[in-house]
Amino acid sequence: MRTLVTALVFIFSLAAGSSYGQLNKNYFNYIGAVYLNDSKYESAIETLNILLRFDPDAYEAYFLRGVAKYNLDDLLGAEQDFSAAIERNPVYTLAYRNRAITRSRLGNYDDALRDFQEAIDLRPDISGTYFSRGVTFLLSQQFESAIEDFDQFLRRENKVVDAYINRGLSYLHLQDTVRAYEDFNAAIRTNREDPRGYHFRGTLHMQKKEYEVSLLDFDKAIQCDSSYIPPYFNRAIVYANTHRPIQAIDDFDRVLELDPTNSQTYFNRAIIRSQIGDYNRALEDYDMVARYSPGNVLVYFNRANLYQQLGHYEKAIEDYDRSIELYPDFANAYLYRSEIKHRLGDMRGSRSDYNLAQKKIAEYRSKLTDSTFSIYADTSRKFNQLVSLESRMPGRSIGPGGSDEEAHVRLLPLFRFSLMQPDSVVSLARGRYHLEQLELFRREFDNEYLTLTTAESTLPTDTLMAYDRQLEEKISSGRGEWHDLFMRGITQSQIKQYTSSVNTYTEAIDRNPTNAFLYVNRSTTRSEMTDFISSIDNSFQRITIDADPSSRLRNTSTRTYSYDESIADLNKAAKLLPELPHIFYNRGILLARSGRMPEAFEDFSRAIEIYPDFAEAYFNRGLVQIYMKDTRKGCLDLSKAGELGITEAYEILKQYMVTDD
C-alpha cells in the first residue's frame with residue numbers, strides 16, 4: 001500500500017489542473033482515514049503530512065492527523081492539530097469535540113467543557129458529545145452535571161453499557177446507591193457478557209456486607225472475562241472477610257499473575273499470610289511492597305510488627321526506624337519501638353521513645369485537625385487492615401496513577417530556605433540567579449548557612465537540634481521575633497517535625513504577612529507532610545471517553561491527593577513577589593503531583609521566562625512533557641537541563657531520546 005501511495009504522489013504532483021488538485025486532496029484524506037481505521041497511525045500521519053505540504057489549509061487533514069496523534073498518546077500534538085482544523089474551519093463540530101476530549105485527557109477540564117459547549121451549540125443532535133462531556137464532568141467531579149449529560153445520551157442511545165456504568169459511578173459519588181444499583185443492572189441487561197456491570201454491582205453488595213450475593217456477581221464477572229483484575233481482587237476481600245483465607249490468597253495469586261507489580265495485592269496477601277501463620281511468605285510479600293512502593297510507611301511498620309512477633313528484634317527496630325524516618329510523627333512506631341528496646345534492656349531508649357510518642361499524640365490532639373494525619377497518632381488503630389481496590393500505596397511519582405515502571409523517574413525537588421554548609425551548594429542555576437529582594441532577605445538574618453536550595457541540610461542532626469533548642473528558649477522567653485520563628489520553622493522541618501514546623505511558620509506569617517519567602521517555606525513543609533501519606537484512586541476503574549469504539553479515544557479516572565494548602569501558599573507568594581522564579585518552579589511541581597500537567601507546564605515555562613538558565617525548571621518541564629507523551633519536546637528540555645549542569649538528564653535521555661524521521 002505504501003508503494004502505491006508513493007507512486008500516486010508522483011503522478012498527482014505532475015498534475016496542474018484544479019480538478020486534479022481536488023482529487024489529490026480527497027484521495028489523501030481517504031487514505032489517511034483508511035490507515036486510521038486499520039490503527040496504522042504512523043502511516044496515517046505520513047500520508048496526511050504529504051497533503052498538508054501541498055495544501056496547508058486542508059482542515060480535514062489536520063483533524064485526521066489529530067486523531068492519529070491522540071491514539072499515539074501525543075496529546076499536545078493532537079490538541080494543536082484540532083486547533084489548526086478549527087482555525088481553518090470555525091464551525092467544524094467534530095474538531096471541537098475531539099479537542100475537548102483531548103483537553104479532558106490532559107486535565108484541562110475548563111477549556112474542554114467550553115469546547116463541548118461549542119460543539120453542542122453547532123450540532124445539538126450528535127449524542128456522542130453529551131456522552132463525552134458527561135465523562136469530563138465526572139472526571140472533574142461535577143456529578144450532577146455528569147448525570148444530566150448521560151441522561152441526554154441515554155434518551156437517544158439506550159444500548160451503550162459505558163453510559164450506564166458512568167452514570168452509576170456518578171450516582172455512587174453522590175451516595176445514591178439505589179440509582180447506582182439500577183444503572184449497573186441496566187448495564188448487565190444491555191450486555192450480559194460485559195464484566196463491569198457485574199463487578200460494580202458486586203462491589204455494592206460487598207460494601208453492604210452482603211457477601212454471598214457479591215460473590216455471585218464477582219464469579220460472573222470473571223466468567224465473562226478471566227483477565228479482568230478487579231473482580232479477583234474484590235472477591236479476595238470478600239473471602240478474607242468471610243474467613244476463607246486460602247481462597248483469598250488464590251485470588252490474590254491470580255491478580256499478581258496478571259499484574260506482577262501490584263503493591264496493594266502483595267500488601268493484602270502479606271496480611272492474610274500473617275493471619276494464618278505463614279510468616280516467611282508474608283515477609284516475602286512485604287519485601288515486594290517495599291520494592292514497588294518504597295515510600296510506603298505501613299509496609300515497614302507492619303513488617304516490623306511481624307519481625308517483633310518472630311523475635312527478630314534487631315530487624316524490627318530497623319523497620320521501625322525506617323517508618324519514623326519516612327514519617328517522624330508516627331506515634332505508634334515510637335510506642336512499638338519503645339517496647340522492643342525495653343525487652344532488649346535499653347531502658348533509657350525505651351523511655352525516650354515512649355515520651356516522644358505521648359508528646360506527638362498530645363500535639364495531634366491539640367493542633368492538628370486533618371484526620372488523614374492524625375490517624376498515625378491513634379494508638380488504638382489497627383494498621384494491618386486490607387487495602388481496598390480504590391486505594392493505592394503512597395508514592396511520589398510524577399503524576400496521578402504513575403506506574404511502578406515510571407517510579408524511578410522523579411521530578412527534581414522543591415526549593416526552600418535551608419541551613420547548609422556555605423561550600424555545599426552545588427546547583428548551577430541557583431548559584432547564578434540574582435534577585436535584590438532575595439539578597440536583602442538573606443542579609444536580614446546575617447547567617448552564612450541560610451540558603452535557598454533543593455538539597456537536604458548538610459549540617460549534622462545534633463547541630464540542628466541544638467540550634468532548635470536555642471530558638472525555642474528565645475521564643476518562649478518572649479524575645480523572639482518573626483526571624484526567629486522562621487529559623488525555627490526551618491530547623492523543625494529539617495529534623496522532620498513537620499506539624500510543629502508548619503505551626504511555627506504560621507506564627508511567623510502572622511507577624512509578617514507580606515513576606516513571600518515565609519509562604520514558600522511553609523508550602524514546602526506542608527507538601528512534605530502530604531508526600532508521606534498520599535493516596536489516589538486505583539487505575540483499574542475504567543471510564544470511557546467516547547462511546548464510539550472506532551474513535552479509540554479512551555481515558556481512566558483518577559483522584560489525586562490534595563496539595564491545595566501548599567499551592568495556596570505559593571499563590572500568595574506569587575502575588576507578593578512575582579519576580580522570583582522559584583515560586584513558579586515549586587508550584588509547577590505541586591501541580592504535576594496533583595495531576596494538573598498543563599498548568600504545571602505553564603508554571604515551569606513561567607520560571608524559565610523569568611530566569612532563562614533555570615536548569616531544574618527545564619528538567620522538570622521535560623519530564624512533564626514526556627508524561628504527557630510529547631517526548632520530543634520533553635527531550636529537548638532535558639537536553640537543555642543537561643547543558644546547564646543537571647547530569648541526571650542524560651540518564652533519562654538514554655531511555656526516551658527520539659530521532660528525526
Side-chain angles (χ1 to χ4, degrees), residues 135 150 154 157-172 177-269 271-273 386-392 537-549 552 554-557:
V135 171
F150 292 130
L154 286 166
E157 298 187 38
N158 63 359
K159 298 298 182 184
V160 179
V161 170
D162 289 304
Y164 292 110
I165 293 289
N166 291 344
R167 190 173 68 178
L169 292 173
S170 301
Y171 280 127
L172 268 186
T177 56
V178 173
R179 290 188 177 179
Y181 190 85
E182 290 173 355
D183 271 341
F184 299 145
N185 277 336
I188 292 169
R189 288 195 301 271
T190 301
N191 184 354
R192 296 188 179 277
E193 300 305 314
D194 192 310
R196 290 170 297 147
Y198 298 105
H199 169 253
F200 285 114
R201 189 175 71 179
T203 302
L204 277 180
H205 285 302
M206 181 179 74
Q207 292 172 349
K208 294 178 181 179
K209 298 186 178 181
E210 299 169 355
Y211 293 130
E212 297 307 318
V213 181
S214 70
L215 285 176
L216 295 175
D217 274 339
F218 293 143
D219 290 345
K220 184 63 178 176
I222 290 167
Q223 180 183 333
C224 291
D225 184 352
S226 61
S227 65
Y228 184 43
I229 289 177
Y232 288 108
F233 191 100
N234 278 347
R235 190 172 70 176
I237 298 288
V238 171
Y239 282 141
N241 288 332
T242 54
H243 311 293
R244 288 175 271 189
I246 303 304
Q247 291 95 320
I249 289 173
D250 287 343
D251 272 350
F252 285 138
D253 289 346
R254 177 59 177 154
V255 172
L256 291 170
E257 287 178 20
L258 296 167
D259 181 6
T261 65
N262 191 292
S263 295
Q264 305 105 297
T265 304
Y266 286 112
F267 188 86
N268 285 352
R269 193 173 67 177
I271 291 171
I272 294 175
R273 283 175 165 171
L386 300 183
V387 297
S388 68
L389 184 63
E390 288 76 21
S391 65
R392 285 188 66 168
D537 275 344
N538 187 276
S539 57
F540 293 139
Q541 185 177 350
R542 179 173 181 266
I543 289 182
T544 307
I545 279 287
D546 201 299
D548 179 6
R552 299 183 179 86
R554 298 286 183 257
N555 194 10
T556 55
S557 73

Undergrad: Can any side-chain N or O of Tyr198 pair as donor or acceptor with the backbone N or O of Glu193 at less than 3.5 Å?
TA: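 Not confirmed, Tyr198 side chain does not pair with Glu193 backbone.
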
Undergrad: For Ile272 and Ala240, which heavy atoms make the closest approach, and how far apart are they?
TA: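 It is CD1-CB, 3.9 Å.
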
Undergrad: Is a donor on one side and an acceptor on the other found under 3.5 Å between the side chain of Tyr232 and the backbone of Ser226?
TA: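 Side chain of Tyr232 to backbone of Ser226: a pair is present.
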
Undergrad: Is the shortest side-chain heavy-atom distance between Arg196 and Asp225 below 4.5 Å?
TA: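 Arg196 vs Asp225: side chains apart.
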
Undergrad: Take atom CZ of Arg244 as the centre, draw a 6.0 Å sphere, and report whether it contains more than 12 heavy atoms from other residues, nucleotides or ligands.
TA: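 Yes, enclosed.
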
Undergrad: Specify whether Tyr228 and His199 have parallel, tilted or perpendicular ring planes, treating 30° as the upper limit for parallel and 60° as the lower limit for perpendicular.
TA: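 Tyr228 vs His199 ring planes: perpendicular.
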
Undergrad: How long is the gap from CZ on Phe184 to OH on Tyr171, to the nearest 0.5 Å?
TA: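 Result: 11.5 Å between the selected atoms.
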
Undergrad: Could you tell me if the ring centre of Tyr181 sits under 6.0 Å from that of His205?
TA: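 Close enough - the centres of the two rings lie under 6.0 Å apart.
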
Undergrad: For the residue pair Asn268 and Ile237, establish whether any side-chain heavy-atom pair is separated by less than 4.5 Å.
TA: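 When only atoms from C-beta onward are counted, Ile237 and Asn268 do touch, with a gap below 4.5 Å.
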
Undergrad: Please round to the nearest 0.5 Å and tell me the distance separating atom CG of Asp251 and atom CD1 of Ile246.
TA: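 Rounded to the nearest 0.5 Å, the CG-CD1 separation comes out at 12.0 Å.
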
Undergrad: Check Asp183 against Gly168 and note the closest heavy-atom contact, atom names and distance.
TA: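 It is OD2-N, 3.4 Å.
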
Undergrad: For the OG atom of Ser227 and the CD1 atom of Ile222, what is their distance to the nearest 0.5 Å?
TA: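 Answer rounded to 0.5 Å: 11.0 Å.
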
Undergrad: If you compare all heavy atoms of Val238 against all heavy atoms of Ser214, which two are closest, and at what distance to 0.1 Å?
TA: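 Val238 and Ser214 have their closest heavy atoms at CG2-OG, 3.6 Å.
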
Undergrad: Restricting to non-hydrogen atoms, name the atom on Asp217 and the atom on Gly202 that form the minimum distance, rounded to 0.1 Å.
TA: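 So the two residues come closest at OD2-N, 3.4 Å.
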
Undergrad: Specify the closest pair of heavy atoms between Asn262 and Leu256, including all atoms of both residues, with the distance to one decimal.
TA: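 Answer, listing the atom of Asn262 first, then Leu256: O-CD2, 3.9 Å.
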
Undergrad: Does Phe218 reach the side chain of Thr203, with side-chain heavy atoms less than 4.5 Å apart?
TA: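 They are in side-chain contact.
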
Undergrad: Would Ile188 and Tyr164 count as a side-chain contact (heavy atoms from CB on, under 4.5 Å) if you check the C-alpha gap in whole Å, the side-chain angles of each, and the deciding distance to 0.1 Å?
TA: CA-CA 9 Å; Ile188 292 169; Tyr164 292 110; over 6 Å; no

Undergrad: Report the distance from atom CG of Leu204 to atom CE of Met206, rounding to the nearest 0.5 Å.
TA: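 Answer rounded to 0.5 Å: 9.5 Å.
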
Undergrad: Between Thr265 and Asp259, is any pair of side-chain heavy atoms under 4.5 Å apart?
TA: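 A side-chain contact under 4.5 Å is absent here.
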
Undergrad: Flag the pair Arg179 and Glu182 as a salt bridge only when some basic side-chain nitrogen lies within less than 4.0 angstrom of an acidic carboxylate oxygen.
TA: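 Looking at Glu182 together with Arg179, the answer is no, because their closest N to O distance does not fall below 4.0 Å.
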
Undergrad: Would you mind reporting whether Thr177 and Leu172 have side-chain heavy atoms less than 4.5 Å apart?
TA: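 Sidechains of Thr177 and Leu172: in contact.
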
Undergrad: Is Arg269 salt-bridged to Asp253, cutoff N-O under 4.0 Å?
TA: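 Yes, charged N to carboxylate O under 4.0 Å.
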
Undergrad: What are the two closest non-hydrogen atoms of Ala236 and Ala248, and how far apart are they?
TA: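 Closest approach of Ala236 to Ala248, heavy atoms only: O-CB, 3.4 Å.
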
Undergrad: With a 6.0 Å cut-off on the ring centroids, do Phe252 and Phe233 count as close?
TA: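 Centroid distance Phe252-Phe233: below 6.0 Å, so yes.
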
